[in-house]
Amino acid sequence: MKRKSEAAPTAPNSTESRNFIQQIVEDDLKHDRTNGRVMTRFPPEPNGFLHIGHAKAIAINFGIAAEYGGVCNLRFDDTNPETEDMAYVQAIKEDIRWLGFDWGDREYFASDYFDQLYEFGIRLIEDGKAFVDSLNEEEIREYRGTVTRPGKDSPHRTRSIDDNLDLFRRMRNGEFPDGAHVLRAKIDMSSNNMLMRDPVLYRIKHVSHYRRGNDFPIYPMYDLAHPLSDAIEGITHSFCTLEFEVHRALYDWLVDAVFDPPRPHQYEFARFNLDYTVMSKRKLLTMVEDGIVDGWDDPRMPTLAGFRRRGVTPEAILNFAAMIGVAKAHNRVDIAMLEYAIRDDLNAKAPRVMCVLRPLRVIITNYPDNETEWSDAPYWPHDIPKEASRPLPFSREIFIEQDDFQENPERNFHRLAPGSEVRLRYSYIICCEKVIQDADGAITELHCTYDKDTRSGSTASERRVKGTIHWVSASEAIPVQVRLYDRLFAVPDPEDVPEGKTFVDHLNPDSLKVLTNCLAEPSVKNCSVGDRFQFERQGYFIVDKDSKDAETLVFNRTISLRDTWATDRVGGIRRSDGASKKQSSLKEARTKEKTAADRASAIRPPTPVDPLTNLDDEQTSEALRLEKSYGIPLADAALISTELEWIAFFEKAAALSDSPGRVVSVANWIVQELRPALMGQNPASSRITAKNLVRLVSLQAEDTISRRIATEIFGIMLEKGGDPQSIMDEKGLRQISDNAAISEMVVQILAEFPDRVTAFKGGKKGLIGFFVGQVMQRSKGKANPKLAQSILLEQLRG
RNA sequence: UGCCCUAUAGCUCAAUUGGCAGAGCGUCGGAUUCUGGUUCCGAAGGUUCAAGGUUCGACUCCUUGUAGGGCAACCA
């Protein structure tokens with residue numbers, strides 16, 4: 001299914017934008033870091049059904065593999081026997097296949113690696129990288145410390161390798177009860193990353209595993225099983241969600257401990273939240289177990305099984321996944337995007353038929369009794385290139401939608417009202433002559449006349465009326481049940497609950513309406529479970545598996561048609577045009593006000609940031625001294641003063657500088673380039689000496705090179721050392737300040753981009769950046785930008 | 001309170017790596033229409049979180065803040 005943007009002709013030079021994951025893979029391929037291979041994996045835990053969030057992960061993992069000529073493994077991450085089940089394995093496989101992905105014969109289970117993983121455990125012990133701890137759970141927690149306080153070593157951390165080996169073997173042999181011992185990595189109890197504080201690798205659990213039975217009384221933790229499973233399979237790129245970001249260090253540690261490069265690398269992307277739904281497996285399980293919904297495949301569930309039963313197509317879900325993109329920012333996706341993807345796909349896939357949900361009897365008084373006239377009605381509208389039709393009966397007695405009649409029509413009501421006309425879709429224009437009511441005043445029946453010259457398709461049918469409605473012929477219509485589904489939750493973020501409430505309190509009581517008196521046109525009689533239709537003017541529907549025969553067909557509403565009429569009304573009453581405009585501008589004003597208010601509250605009094613705030617007394621006095629004796633900005637002085645090595649480096653460089661201005665520049669270069677580049681290393685160990693830094697700064701100050709080139713040379717110096725002058729000469733990086741040479745380039749460029757020149761002259765002054773950029777690109781950064789700009793401005797004026 | 005991540009239009013993402021701030025969805029108009037659907041055309045919508053700095057030029061680099069999120073399961 002093509003998206004519109006893809007169908008549009010792409011500009012000749014526009015490169016399809018790539019998300020950060022694609023950029024990583026392409027970069028790895030370009031630098032041949034994976035032997036040209038791309039292998040990903042989708043690693044679900046079989047403890048629940050897949051939901052639409054997983055669809056994104058599936059699309060990424062299988063999609064990247066397909067895009068770069070690789071493969072994607074399916075691996076069940078089944079290392080916790082307490083929650084996992086074969087039924088979930090089956091459901092997950094079915095859902096992935098339904099989405100259209102194929103994992104060939106690469107169907108793996110972490111539980112198949114249990115023996116190998118156990119051997120890795122032994123190896124870690126032998127290498128002194130793991131030990132058996134006999135602290136209990138609480139003690140381990142206590143020893144771990146907190147996020148702000150370092151932990152302390154377990155007393156068993158120093159156990160001998162032999163003891164560890166012996167204990168671990170006996171753990172595996174089932175000699176100890178649950179919780180007696182664990183295997184832990186020996187890393188660093190004072191690490192800032194809590195995951196690195198000697199994480200637990202194996203625990204004892206005398207629990208039967210759904211695939212391995214009682215083979216193992218010990219089970220590996222995710223943090224051991226996942227990276228090593230990746231490495232075993234030869235995965236190149238391991239994509240997971242953001243909450244595993246902090247696990248990456250441990251992932252790397254474990255893989256490096258056991259495998260040689262090239263090895264898998266983990267990258268994290270943001271999962272998404274969807275308006276009006278919950279997406280955590282735990283909450284979904286709660287809803288299933290508590291009977292809030294009718295199973296994992298309840299059509300209101302955000303599970304793939306739920307969407308499937310609801311009638312959503314896999315293409316719609318995949319398109320939606322493509323629409324929301326891949327990034328690293330937490331997000332909440334507007335439900336309208338999903339709805340768009342669903343409608344967009346179904347529009348071209350669902351044949352149109354008519355079904356009256358809430359029937360109102362209509363007698364065509366001037367139509368002969370006992371007569372039925374059949375006509376041919378197309379399944380597809382004119383703008384969908386498909387040809388097919390079905391026979392449609394018309395007779396004296398028909399049903400229309402109750403909503404399509406108003407006794408006292410509101411403004412702009414285009415449908416049937418006393419004395420007015422509508423067209424019956426694919427049929428005649430009728431006029432309402434009489435309204436029949438019961439004793440309570442409820443409308444029970446309409447008496448209408450038809451205009452026999454207006455039959456659809458006939459030459460005289462050109463006559464236009466403002467409305468067209470759907471209908472069914474009474475005698476041929478078949479009774480069906482229709483289930484109208486709406487969002488499960490009443491608020492956009494159901495997980496955002498006040499004290500003492502839970503997400504369940506936000507349930508939408510009207511998420512399911514069952515309509516049992518619906519009447520469908522006879523052509524649907526022989527449809528089968530899973531068939532999709534558009535019921536004209538209402539929405540998309542699918543035949544549910546609860547259907548037993550033609551008499552009791554059950555239709556699930558996948559989604560209603562977009563309805564600008566309904567969205568423009570408040571409380572069922574359409575606003576007059578004037579009011580509507582006023583309303584919307586009012587709304588606009590309100591949001592503007594609100595954002596302005598937000599902004600105002602967000603802006604604190606511009607507290608002047610004191611560069612010295614984070615410094616201790618000694619550093620502060622050093623900073624003040626540097627500021628005073630060298631005349632450098634306090635902010636730079638403060639940064640230099642954080643460490644003694646930097647002070648020494650700076651003062652050495654300052655001594656080599658031949659003017660006070662040079663000293664200021666040197667300080668700036670240190671703070672802005674050198675210090676960040678060294679990432680905490682001692683400047684004395686850098687390849688860039690104080691002397692060479694001063695030389696570089698001087699070259700720039702003398703205008704021999706531009707700042708841009710200076711930065712380039714700086715990069716080379718950082719990597720290889722050397723003095724800037726010879727690097728400059730060697731690479732031919734001396735600045736071009738030759739008027740004629742630059743003028744020539746400018747003439748060329750202006751000739752090449754005539755439309756931009758006119759745009760510039762028309763007032764789009766920002767384009768000067770583009771033009772300078774062109775000069776800089778062509779000169780490989782060597783042109784003097786100031787000169788280039790002045791020449792450009794001069795020529796553009798003329 | 002320590003470490004890590006993130007911040008661009010109402011929402012979700014781009015911006016060829018320092019050179020014209022764009023797209024899709026949504027909203028609002030208009031055209032077309034035997035679906036109040038679809039399609040087509042158009043418009044509005046930006047302090048690129050803030051303040052400072054570097055640069056001819058900053059969404060992009062540096063500094064300091066702010067806001068949101070993650071991390072102290074023998075879950076994954």
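So you know, we letter chains A, B, ... as the sequences are listed, proteins then strands, and number each from 1. Just so it is clear, the values below take in all heavy atoms, side chains as well, and ignore hydrogens, waters and symmetry mates.
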**Q** How far does the C1' atom of B/U66 sit from the matching atom of B/U27, given to the nearest Å?
**A**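 Comparing C1' positions in B/U66 and B/U27 gives a spacing of 31 Å.
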**Q** Rounding to an integer number of angstrom, what distance separates B/A15 and B/A9 when you compare their C1' atoms?
**A**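 Taking atom C1' in both B/A15 and B/A9, they lie 14 Å apart.
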**Q** State plainly whether the residues A/E421 and A/R463 are in salt-bridge range, i.e. N to O under 4.0 Å.
**A**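 The answer is yes: the pair qualifies as a salt bridge.
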**Q** Take atom C1' in B/G70 and the same atom in B/C62, then report the distance between them in whole Å.
**A**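 So the two C1' atoms sit 26 Å from each other.
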**Q** Does the structure show a Watson-Crick or G-U wobble partner for B/C61, both distances under 3.5 Å? Name it, or say none.
**A**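 Matched B/C61 with B/G53 under the 3.5 Å cut-off.
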**Q** Can you tell me, in whole Å, how much space there is between the P of B/C4 and that of B/G19?
**A**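 That atom pair is separated by 28 Å.
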**Q** Of the candidate nucleotides B/U35, B/A76, B/A72, which contains the atom at the shortest distance from the side chain of A/N80?
**A**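 For A/N80, the side-chain atoms sit closest to B/A76.
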**Q** Measuring from the side chain of A/A329 (C-beta onward, heavy atoms only), which nucleotide among B/C25, B/A72, B/A7 has the closest atom?
**A**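 Between B/C25, B/A72, B/A7, the one nearest the side chain of A/A329 would be B/A7.
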**Q** Go through it in stages, so that I can follow the logic: the residues are A/Y426 and A/E536, the test is side chain to side chain donor-acceptor pair (under 3.5 Å), and I'd like the CA-CA distance, side-chain angles, deciding distance and then a yes or no.
**A** CA-CA 11 Å; A/Y426 308 121; A/E536 294 223 27; 2.3 Å; yes
**Q** At 4.0 Å (heavy atoms only), tell me whether A/L183 reaches a base, stays on the sugar-phosphate, or touches nothing.
**A**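 Counting heavy atoms under 4.0 Å across all strands, no contact is made by A/L183.
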**Q** Is the base of B/A76 stacked against the aromatic ring of A/H226, taking ring centres under 5.5 Å apart and planes under 30° as the test?
**A**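 Stacking between A/H226 and B/A76: absent.
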**Q** The side chain of A/R203 is closest to which nucleotide in this list: B/G69, B/C75, B/C56?
**A**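 Selected nucleotide (nearest to the side chain): B/C75.
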**Q** Under 4.0 Å, counting only non-hydrogen atoms across every strand here, what does A/F760 touch: a base, just sugar-phosphate, or nothing?
**A**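 Answer is nothing: A/F760 stays at 4.0 Å or more from every strand.
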**Q** NA contact type, A/T83, heavy-atom cut-off 4.0 Å: base, sugar-phosphate, or nothing?
**A**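 It contacts nothing in the nucleic acid.
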**Q** Under 4.0 angstrom, heavy atoms only, what part of the nucleic acid is A/K281 near: base, sugar-phosphate, or nothing?
**A**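 Since no nucleic acid heavy atom lies under 4.0 Å of A/K281, the category is nothing.
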**Q** Side chain of A/E45, heavy atoms from C-beta onward: which of B/C13, B/C75, B/U54 has the nearest atom to it?
**A**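 Among B/C13, B/C75, B/U54, the one nearest the side chain of A/E45 is B/C75.
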**Q** Got a donor-acceptor pair under 3.5 Å from the side chain of A/R415 to the base of B/G36?
**A**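 Pair found.
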**Q** Answer yes if the side chains of A/N136 and A/E138 hold a donor-acceptor pair under 3.5 Å, and no otherwise.
**A**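 No - no donor-acceptor pair under 3.5 Å links their side chains.
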**Q** So for A/Q534 and B/U35, does any side-chain atom that can act as donor or acceptor lie under 3.5 Å from a complementary atom in the base?
**A**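 Indeed, a donor on one side and an acceptor on the other fall under 3.5 Å apart.
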**Q** Which part of the nucleic acid does A/R332 contact within heavy-atom distance under 4.0 Å: base, sugar-phosphate only, or nothing?
**A**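 The residue A/R332 makes sugar-phosphate contact but no base contact.
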**Q** What is the nucleic acid contact for A/V326, judged by heavy atoms within less than 4.0 Å: base, sugar-phosphate only, or nothing?
**A**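 Touches sugar-phosphate only.
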**Q** Which of the following nucleotides, B/U54, B/G36, B/U12, is nearest to the side chain of A/Q672?
**A**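 Nearest to the side-chain atoms of A/Q672, counting from C-beta on, is B/U54.
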**Q** Looking at A/D404 and A/R537, does any basic side-chain N land under 4.0 Å from a carboxylate oxygen?
**A**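 A salt bridge is present here (some side-chain N lies under 4.0 Å from a carboxylate O).
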**Q** Roughly how many Å apart are B/U33 and B/U38, using the C1' atom of each and rounding to a whole number?
**A**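 Rounded to whole Å, the distance is 9 Å.
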**Q** When all nucleic acid strands are considered with a 4.0 Å heavy-atom cut-off, which category describes A/L639: base, sugar-phosphate, or nothing?
**A**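 Counting heavy atoms under 4.0 Å across all strands, the contact made by A/L639 is with sugar-phosphate only.
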**Q** Both distances under 3.5 Å, Watson-Crick or G-U wobble: report the partner of B/U39, or none.
**A**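 In the structure as shown, B/U39 has B/A31 as its Watson-Crick or wobble partner.
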**Q** Which of the following nucleotides, B/U1, B/G19, B/G68, is nearest to the side chain of A/F770?
**A**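 Out of B/U1, B/G19, B/G68, the nucleotide with an atom closest to A/F770's side chain is B/G19.
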**Q** Inspect the contact between A/E673 and A/R707 and indicate whether a charged nitrogen and a carboxylate oxygen are less than 4.0 angstrom apart.
**A**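 Result for this pair is yes, salt bridge flagged.
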**Q** With a non-hydrogen cut-off below 4.0 angstrom, is A/H247 in contact with a base, only sugar-phosphate, or nothing?
**A**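 Base, at least one base atom sits under 4.0 Å.
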**Q** Under 4.0 Å, counting only non-hydrogen atoms across every strand here, what does A/D77 touch: a base, just sugar-phosphate, or nothing?
**A**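 Sugar-phosphate: the residue A/D77, judged by heavy atoms under 4.0 Å, touches backbone atoms but no base.
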**Q** Which listed nucleotide (B/C74, B/A76, B/U12) is nearest to the side chain of A/I140?
**A**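 The nucleotide sitting nearest to the side chain is B/C74.
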**Q** Counting side-chain heavy atoms from C-beta on, which of B/C25, B/U35, B/G19 comes nearest to A/M337?
**A**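 From the listed options, B/C25 comes nearest.
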**Q** Could you tell me which nucleotide pairs with B/U16 by Watson-Crick or G-U wobble geometry, both distances under 3.5 Å, or answer none if nothing does?
**A**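 B/U16 is paired with nothing.
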**Q** Tell me what A/V772 touches on the nucleic acid: a base, only sugar-phosphate, or nothing, going by heavy atoms under 4.0 Å.
**A**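 Answer is base: heavy atoms of A/V772 come under 4.0 Å of a base.
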**Q** Is the shortest distance from a Lys or Arg side-chain nitrogen in A/E339 or A/R562 to a carboxylate oxygen in the other one below 4.0 Å?
**A**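 Salt bridge between A/E339 and A/R562, a charged N being under 4.0 Å from a carboxylate O: no.
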**Q** Indicate, with a heavy-atom threshold strictly under 4.0 Å, whether A/E536 touches base, sugar-phosphate, or nothing.
**A**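 The answer is base, as A/E536 lies within the cut-off (heavy atoms under 4.0 Å) of a base atom.
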**Q** Nearest to the side chain of A/F244, heavy atoms from C-beta on, is which of B/A73, B/A76, B/U63?
**A**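 Selected nucleotide: B/A76.
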**Q** Under 3.5 Å, is there a donor-acceptor pair between the side chain of A/K386 and the main chain of A/A348?
**A**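 Such a contact is found between A/K386 side chain and A/A348 backbone.
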**Q** Looking at every strand, decide which applies to A/M221 at a 4.0 Å heavy-atom threshold: base, sugar-phosphate, or nothing.
**A**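 Answer is sugar-phosphate: A/M221 comes under 4.0 Å of backbone atoms only.
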**Q** Looking across every strand, which nucleic acid part, if any, lies under 4.0 Å from A/V671 by heavy atom: base, sugar-phosphate, or nothing?
**A**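 Here A/V671 touches the backbone only, sparing every base.
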**Q** Checking A/R197 side chain against A/R144 main chain: does a donor-acceptor pair fall under 3.5 Å?
**A**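 Present.
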**Q** When all nucleic acid strands are considered with a 4.0 Å heavy-atom cut-off, which category describes A/Y426: base, sugar-phosphate, or nothing?
**A**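 Base, at least one base heavy atom under 4.0 Å.
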**Q** By the rule that syn is within 90° of 0, classify the base conformation of B/A73 as syn or anti.
**A**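 B/A73: syn glycosidic orientation.
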**Q** Determine the interatomic distance between P on B/C75 and the same-named atom on B/G65; round to the nearest Å.
**A**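 So the two P atoms sit 39 Å from each other.
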**Q** Of all the nucleotides listed (B/C74, B/G53, B/C56), which has the minimum atom distance to the side chain of A/N668?
**A**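 That would be B/G53.
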**Q** Could you please name the partner base of B/G68, counting Watson-Crick and G-U wobble pairs only when both distances are under 3.5 Å?
**A**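 The base-pairing partner of B/G68, which may sit in any strand shown, is B/C5.
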**Q** Provide the distance between the two C1' atoms, one in B/G46 and one in B/G10, to the nearest whole Å.
**A**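 Going atom to atom, C1' in each nucleotide, I get 12 Å.
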**Q** Tell whether A/R562 reaches the base of B/G26 with its side chain through a donor-acceptor pair below 3.5 angstrom.
**A**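 Counting by modelled atom types and ignoring angles, no donor-acceptor contact under 3.5 Å is found here.
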